[in-house]
Trainee: 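Okay, here's the structure, questions in a sec.
Note that this is a predicted model, so its numbers are computed, not measured. Excluded from the calculations below are hydrogen atoms, water molecules and symmetry mates; all remaining heavy atoms, backbone and side chain alike, are included.
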Amino acid sequence: MFRLHQAYQVRYNMKLTVGMSQTGMVYAINGRVFPNIPPIIVHKGDAVLVHIVNDSPYIHPMHLHGHDFQVLTRDGRPVQGSPIFLDTLNVFPGESYDIAFRADNPGLWMFHCHDLEHAASGMDVMVQYAGVTDPYPMNEMSE
């Protein structure tokens, strides 16, 4: 169980946007598209808080691999009632959420929009545990 106003070792702001590139529509996180988005670096055991803001006209079902997260707020208001644990959250245009998870599954994990067109067009970021590396160059694997 997490609380909004507790100690978090990692805090990450995730602004979801869309734009145009020379090749067409891009779906971005913090103004960047994968693989050119710095990873969210965590250590095993870290409490991680992610503030998500959808500043686009599209719904983004944001999916975190390898972990479940707890939804703490919606549009700045605390979630009431029973705690909500998910691995995918539909973030509608203009909405914001605070979610939290425990970094308890070391590896390299994708956090991306589950609308696969959006993911293929850049709306992906890696959750990377410190000391875990990938032998594959991401720039060569991305479209």
Trainee: Does any non-hydrogen side-chain atom of I37 lie less than 4.5 Å from one of D124?
Mentor: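 No; the side chains remain at least 4.5 Å from each other.
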Trainee: According to the interplanar angle, ranging from 0 to 90°, do the rings of Y27 and Y58 count as parallel (below 30°), tilted (30 to 60°) or perpendicular (above 60°)?
Mentor: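 Perpendicular, since the angle between the ring planes exceeds 60°.
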Trainee: How long is the span from the CG atom in L72 to the CZ atom in R74, to the nearest 0.5 Å?
Mentor: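 Interatomic distance, L72 CG to R74 CZ, rounded to 0.5 Å: 14.5 Å.
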Trainee: Do you know the tightest heavy-atom contact between G76 and S96?
Mentor: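 That would be N-OG, 3.9 Å.
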Trainee: For V132 and Q128, which heavy atoms make the closest approach, and how far apart are they?
Mentor: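 Looks like O-NE2, 2.9 Å.
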Trainee: Of the non-hydrogen atoms in H67 and Y129, which two are nearest, and what is the gap between them?
Mentor: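 It is NE2-OH, 2.7 Å.
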Trainee: Would you say that D55 contacts T17 through its side chain, given a criterion of any heavy-atom pair below 4.5 Å between the two side chains?
Mentor: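 Contact flag for D55/T17 side chains = yes.
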Trainee: Taking C-beta and beyond as the side chain, do Y97 and V91 meet within less than 4.5 Å on heavy atoms?
Mentor: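 With C-beta onward as the side chain, the pair touches.
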Trainee: Can Y8 be reached from L64 by stepping across I, L, V, M, F, W or Y side chains whose heavy atoms are under 4.5 Å apart?
Mentor: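 Each belongs to a different hydrophobic cluster.
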Trainee: Would you check if the side chain of R102 reaches a backbone N or O of G45 as a donor-acceptor pair within less than 3.5 Å?
Mentor: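 Pair found, side chain donor or acceptor close to backbone of G45.
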Trainee: Distance-only, no hydrogens or angles: does the D46 side chain make a donor-acceptor pair with backbone N or O of V48 under 3.5 Å?
Mentor: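 Here the side-chain-to-backbone pair does not exist.
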Trainee: Just how far is it from atom OG of S56 to atom NZ of K15, taken to the nearest 0.5 Å?
Mentor: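 S56 atom OG to K15 atom NZ measures 11.0 Å (nearest 0.5 Å).
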Trainee: Mind checking whether V50 and V71 sit in one hydrophobic cluster, side chains of I, L, V, M, F, W, Y counted as touching below 4.5 Å?
Mentor: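 Same hydrophobic cluster.
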Trainee: At their closest point, which heavy atom of I29 faces which heavy atom of Y12, and how far apart are they?
Mentor: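 Looks like CG2-OH, 3.8 Å.
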Trainee: Are the side chains of N30 and R32 in touch, meaning some heavy atoms are under 4.5 Å apart?
Mentor: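 Contact flag for N30/R32 side chains = no.
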Trainee: Does G66 offer a backbone N or O that forms a donor-acceptor pair with the side chain of N105 under 3.5 Å?
Mentor: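 Between the backbone of G66 and the side chain of N105 there is a qualifying donor-acceptor contact (under 3.5 Å).
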Trainee: To the nearest 0.5 Å, what is the distance between CD1 on I99 and OG1 on T73?
Mentor: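 It comes to 10.0 Å.
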Trainee: Restricting to non-hydrogen atoms, name the atom on D75 and the atom on G94 that form the minimum distance, rounded to 0.1 Å.
Mentor: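 The pair with the smallest heavy-atom distance is OD1-O, 4.1 Å.
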Trainee: Would you say the side chain of D115 lies within less than 4.5 Å of the side chain of I59, judging by non-hydrogen atoms?
Mentor: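 Sidechains of D115 and I59: no contact.
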Trainee: Could you check whether any side-chain heavy atom of F34 comes within less than 4.5 Å of a side-chain heavy atom of V125, counting everything from C-beta outward?
Mentor: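 No, their side chains stay 4.5 Å or more apart.
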Trainee: Whether the side chain of Q70 engages the backbone of F2 through a donor-acceptor N/O pair (distance < 3.5 Å, no angle test) should be reported.
Mentor: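 Side chain of Q70 to backbone of F2: a pair is present.
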Trainee: How about L49 and D98: do any of their side-chain heavy atoms sit closer than 4.5 Å?
Mentor: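 L49 reaches D98 side chain to side chain.
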Trainee: If you define the side chain from C-beta out and look only at heavy atoms, does anything of M126 sit under 4.5 Å from F111?
Mentor: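 The answer is no; the side chains never approach within 4.5 Å.
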Trainee: Do you know which of H114, H60, E117 makes side chain to side chain contact (heavy atoms under 4.5 Å, CB included) with M123?
Mentor: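 In the set H114, H60, E117, the residue that makes a side chain to side chain contact (heavy atoms under 4.5 Å, CB included) with M123 is H60.
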Trainee: With under 30° as parallel and over 60° as perpendicular, where do the rings of H63 and H112 fit, or are they tilted in between?
Mentor: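 Rings of H63 and H112: perpendicular, over 60°.
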Trainee: Which heavy atom of C113 sits nearest a heavy atom of H118, and at what distance?
Mentor: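 It is SG-ND1, 3.5 Å.
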Trainee: When rounded to the nearest 0.5 angstrom, what is the spacing between CG in L89 and CD1 in I52?
Mentor: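 That separation rounds to 6.0 Å.
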